[in-house]
Amino acid sequence: MSRPTVHHLQNSVLSAAQLCNNASEAIELFEERGLFLKPIAKLNISVTLPQLKTPGKSLSNWEVMEKLKRMAQPDQFLVLRVSKSSLEFLRFEAEVEAKSLIKTLIARMDGKAIKLSGFTDSLKIRAAEAKIPFPIRHDWDSFFRDAKGMNEANPGERPDTIHLENLPCRWFATKSEPDLPSENIMRRVFQTFGDLRHIDVPLLDPYRHENQITGGNFRTFSPFSNQLTFEAYVQFKEYIGFVKAMDALKGMKLMRKTEDGKAYTAELKIDFDKTRHLSAKSIRRREKERQRLMDLEKEREEQKKLERETEERRLEEERIKKEKEESNKKRRKLEKLTRKKMRQLEREEKRRRKQEEKKQQKREQELQRKILLEERKLLIAQRRLESIRLLTELLERAKIIQQQTEVERKLAELEEERNRQVQEEQQRKEEAERKKKRDEDRRLRELKRREAKLKEKLMQNLEKREEKRKETEREELRQQLATRPKRLKSAVVKTETSTNIRGDESPPGRSSPVEVFNKKTGTWTSIYNYSGIHF
């Protein structure tokens with residue numbers, strides 16, 4: 001809610017009050033604030049109505065009021081309104097500037113008659129001074145005497161508190177807070193009648209505003225409210241102060257003179273407190289309720305704070321999610337570019353490999369041609385070495401079979417040992433449950449690892465021995481070839497399978513075959529040396 005401007009509030013307060021042109025009867029109340037008490041001057045005017053004989057014909061209240069205003073001239077009514085209406089009469093309530101004018105206006109109106117257009121009969125007028133409703137001593141004495149639950153020994157439960165309504169806010173406001181009444185100014189004004197015990201202005205309590213009821217009689221309000229009037233409870237310490245105030249306010253309205261010399265009046269609604277508003281019990285109840293509402297307001301603030309924090313977290317999560325999506329988008333784009341680059345590199349690598357393969361094929365073809373030429377020179381030596389290689393191979397295979405048998409035996413022993421350990425482990429598992437099971441699993445994995453490692457080690461040993469044997473044979477062949485003459489008169493080349501070599505005998509006139517290994521072709525060639533022929 002936006003705070004109303006000072007000019008707007010001033011106009012609103014003045015419109016709620018009445019401009020006073022005659023302040024001669026004013027009695028000083030509090031000169032420092034320019035506050036006075038002015039007697040209320042009201043008349044009751046009754047107009048007897050004629051019988052309406054014509055159906056549908058009506059009487060204009062406005063025309064009657066205009067007739068009465070003309071009869072009051074040269075004086076004027078401050079207020080003229082219909083207070084009661086019936087088929088027999090109209091009753092008006094009129095207010096004038098000063099009480100001294102009442103007798104003059106009564107003399108002008110009482111017993112007179114007026115004529116209205118459309119009516120042949122005259123309307124008779126009766127005028128008398130209006131009685132101002134105001135409580136008297138008998139009223140509060142009888143109320144507190146007959147009321148149940150009242151203890152005159154307790155403040156607030158006896159005639160000591162005045163309830164005032166329709167007090168203009170700005171007439172009791174300070175310069176620092178021109179929109180709200182000041183409890184201090186109220187106290188100073190009413191201390192003129194006697195010492196005060198309490199003053200309560202509900203408008204100043206943020207938990208008792210009439211626009212936002214939260215429970216019971218307690219309300220909350222904004223301090224920027226544009227309320228024009230307020231109510232107050234004034235409690236005197238002594239009964240005499242209460243009586244003096246009631247007597248002074250009886251039949252009076254509040255008047256204020258402004259700095260520019262103008263005067264304004266406001267009619268107050270005054271009564272003695274019948275609700276024990278300023279009793280100790282009521283004050284404690286309001287304090288308790290105020291504390292409860294303060295706690296409730298604190299909880300609401302905490303809830304709002306929590307909601308704000310939740311909203312901030314949600315926005316932060318959305319921001320992080322959005323950043324993550326942007327990051328994923330950039331990453332996908334980068335991955336796409338990377339894949340494109342990789343495909344390009346793969347194509348280039350494929351082309352390069354094809355070119356290399358073509359070059360390799362050419363080199364291999366050239367090498368194959370050279371190998372074929374060399375093979376004819378090595379055939380005789382290859383046949384000779386073939387028989388040696390076959391015998392050596394058979395011996396090596398026998399050794400390998402023996403080693404494999406030994407390995408299998410060891411594996412069987414390991415398996416038996418493992419089974420025995422598994423059984424023992426299972427028994428320990430029943431005793432130690434999950435912990436033993438994990439230990440057994442670790443042992444099984446360790447045994448398998450050791451078994452695999454042993455197998456791998458045996459196979460490596462076999463491969464090393466095979467390589468060493470072959471290397472030895474090649475070295476012996478090179479030595480043999482190096483010690484023989486380099487002449488070769490005739491050679492017979494013959495390639496046989498392992499089965500044929502085993503059953504062949506050296507033909508007459510030639511020695512045992514010599515095996516020659518060709519590294520380029522990866523084949524063995526047997527070479528026979530005939531009698532009388534030297535290499």
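One is the number of the first residue; the rest follow in order along the sequence.
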Self-check item: Test salt bridge (Lys or Arg N to Asp or Glu O under 4.0 Å) applied to Arg286 and Asp205, step by step
Solution: CA-CA 10 Å; Arg286 285 195 297 273; Asp205 191 341; over 6 Å; no
Quiz item: Should Glu66 and Lys69 be marked as a side-chain contact (heavy atoms from CB on, under 4.5 Å) after you check the CA-CA gap, both sets of side-chain angles, and the distance that decides it?
Solution: CA-CA 5 Å; Glu66 289 298 319; Lys69 289 178 182 179; 4.0 Å; yes
Self-check item: Stepwise side-chain contact (heavy atoms from CB on, under 4.5 Å) check, Leu180 with Phe230
Solution: CA-CA 9 Å; Leu180 295 175; Phe230 69 99; over 6 Å; no
Self-check item: Audit row: Arg276, Glu157, side-chain contact (heavy atoms from CB on, under 4.5 Å) steps and yes/no
Solution: CA-CA 6 Å; Arg276 294 183 287 189; Glu157 300 181 20; 3.5 Å; yes
Practice problem: Take Glu311 and Arg314, measure what salt bridge (Lys or Arg N to Asp or Glu O under 4.0 Å) needs, and give me the verdict at the end. | Solution: CA-CA 5 Å; Glu311 181 66 16; Arg314 186 185 66 80; 2.3 Å; yes
Practice problem: Determine, stepwise, if the pair Val64 / Phe92 fulfils side-chain contact (heavy atoms from CB on, under 4.5 Å). | Solution: CA-CA 10 Å; Val64 175; Phe92 296 90; 3.8 Å; yes
Exercise. Begin from the C-alpha positions of Glu424 and Arg443 and carry the test salt bridge (Lys or Arg N to Asp or Glu O under 4.0 Å) through to its verdict.
Key: CA-CA 12 Å; Glu424 293 176 358; Arg443 284 184 62 83; over 6 Å; no
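Of the possible donor and acceptor atoms, one in the side chain of Asp110 sits under 3.5 Å from a partner among the backbone N and O of Ala127. Checking side-chain atoms of Lys38 against main-chain N and O of Ser24 turns up no donor-acceptor pair under 3.5 Å. A side-chain donor-acceptor contact under 3.5 Å links Glu25 to the backbone of Lys99. Judged by distance alone, the side chain of Ser83 and the main-chain N or O of Arg91 form a donor-acceptor pair under 3.5 Å. A donor-acceptor pair is defined here as one N or O able to donate and one able to accept, closer than 3.5 Å; no such pair exists between the side chain of Arg187 and the backbone of Val234. With Thr310 contributing its side chain and Leu306 its backbone, the two residues share a donor-acceptor pair below 3.5 Å.
A 6.0 Å sphere centred on CD of Glu433 holds no more than 12 heavy atoms belonging to other residues, nucleotides or ligands. Within 6.0 Å of atom NZ in Lys112, more than 12 heavy atoms from other residues, nucleotides or ligands are found, so the atom counts as buried in its surroundings. With a 6.0 Å radius and a threshold of 12 heavy atoms from other residues, nucleotides or ligands, Glu31 has its CD atom at or below the threshold. With a 6.0 Å radius and a threshold of 12 heavy atoms from other residues, nucleotides or ligands, Glu238 has its CD atom at or below the threshold. The 12-atom threshold is exceeded at CD of Glu63, counting heavy atoms of other residues, nucleotides or ligands nearer than 6.0 Å.
Using a 4.0 Å cut-off between charged nitrogen and carboxylate oxygen, Arg449 and Glu446 count as a salt-bridge pair. Between Arg285 and Glu289 there is no salt bridge, since none of the side-chain N atoms of the basic residue sits less than 4.0 Å from a carboxylate O of the acidic one. Comment: Lys42 engages Glu267 in a salt bridge, judged by a side-chain N to carboxylate O separation of less than 4.0 angstrom. A salt bridge does not link Arg284 with Glu287: none of the charged nitrogens is closer than 4.0 Å to a carboxylate oxygen.
When all heavy atoms of Pro155 and Gln235 are compared, the closest pair comes out as C-NE2, 3.6 Å. Residue Ile283 comes nearest to Leu278 through the heavy atom pair CD1-O, 3.6 Å, listed as atom of the first residue, atom of the second, then distance. Heavy atoms only, all atoms of each residue included: Pro178 and Ala173 are closest at O-CB, 3.6 Å. Between Ser86 and Leu49, the closest heavy-atom pair is O-CD1, 3.3 Å. Residues Leu164 and Leu249 come closest through the heavy atom pair CD2-CD1, 4.1 Å. Nearest heavy atom pair, residue Leu203 against residue Cys169, reads CD2-SG, 3.8 Å.
Side-chain contact between Leu414 and Leu454 is present, with heavy atoms from C-beta onward closer than 4.5 Å. Inter-residue side-chain proximity for Glu165 and Thr229 is flagged as unmet; no heavy-atom pair is nearer than 4.5 Å. Side-chain contact between Leu293 and Arg290 is absent, with no heavy atoms from C-beta onward closer than 4.5 Å. Looking at heavy atoms from C-beta onward, Glu309 lies in side-chain contact with Arg313 at the 4.5 angstrom threshold. Side-chain contact between Pro159 and Phe242 is present, with at least one heavy-atom pair separated by less than 4.5 Å. No side-chain heavy atom of Lys298 sits less than 4.5 Å from a side-chain heavy atom of Glu301. Counting only heavy atoms from C-beta outward, the side chains of Met71 and Ile125 approach each other to under 4.5 Å. Lys305 places a side-chain heavy atom less than 4.5 Å from the side chain of Arg308.
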Quiz: residues 130-152 side-chain donor-acceptor pairs under 3.5 angstrom, not counting sequence neighbours:
from   : atom 1 : to     : atom 2 : distance (Å)
Asp139 : OD2    : Ile136 : N      : 3.0
Trp140 : NE1    : Tyr239 : OH     : 3.1
Ser142 : OG     : His138 : O      : 2.8
Ser142 : OG     : Asp139 : O      : 3.0
Asn151 : OD1    : Ala153 : N      : 3.2

Solution key, residues 330-342 side-chain donor-acceptor pairs under 3.5 Å, sequence neighbours excluded:
from   : atom 1 : to     : atom 2 : distance (Å)
Arg331 : NH1    : Glu335 : OE2    : 2.8
Thr338 : OG1    : Leu334 : O      : 2.7

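Residue Ile320 forms a side chain to side chain contact (heavy atoms under 4.5 Å, CB included) with just one option from Glu318, Glu317, Glu316, Lys322, and that option is Glu316.
To the nearest 0.5 Å, the span separating CD on Gln18 from OG1 on Thr265 amounts to 4.5 Å. For the atom pair CZ of Phe236 and CD1 of Ile162, the computed distance is 4.5 Å after rounding to the nearest 0.5 Å. Remark: Glu312 CD to Leu315 CG distance equals 7.5 Å, nearest 0.5 Å. Atom CZ of Arg418 is separated from atom CD of Gln423 by 11.0 Å, given to the nearest 0.5 angstrom. Note that NZ of Lys321 is 5.5 Å distant from CD of Glu325, once rounded to the nearest 0.5 Å. Ile240 contributes atom CD1, which lies 12.5 Å from atom CG of Asp195 (distance to the nearest 0.5 angstrom).
Counting only N and O atoms by type, the side chains of Gln303 and Glu299 include no donor and acceptor under 3.5 Å apart.
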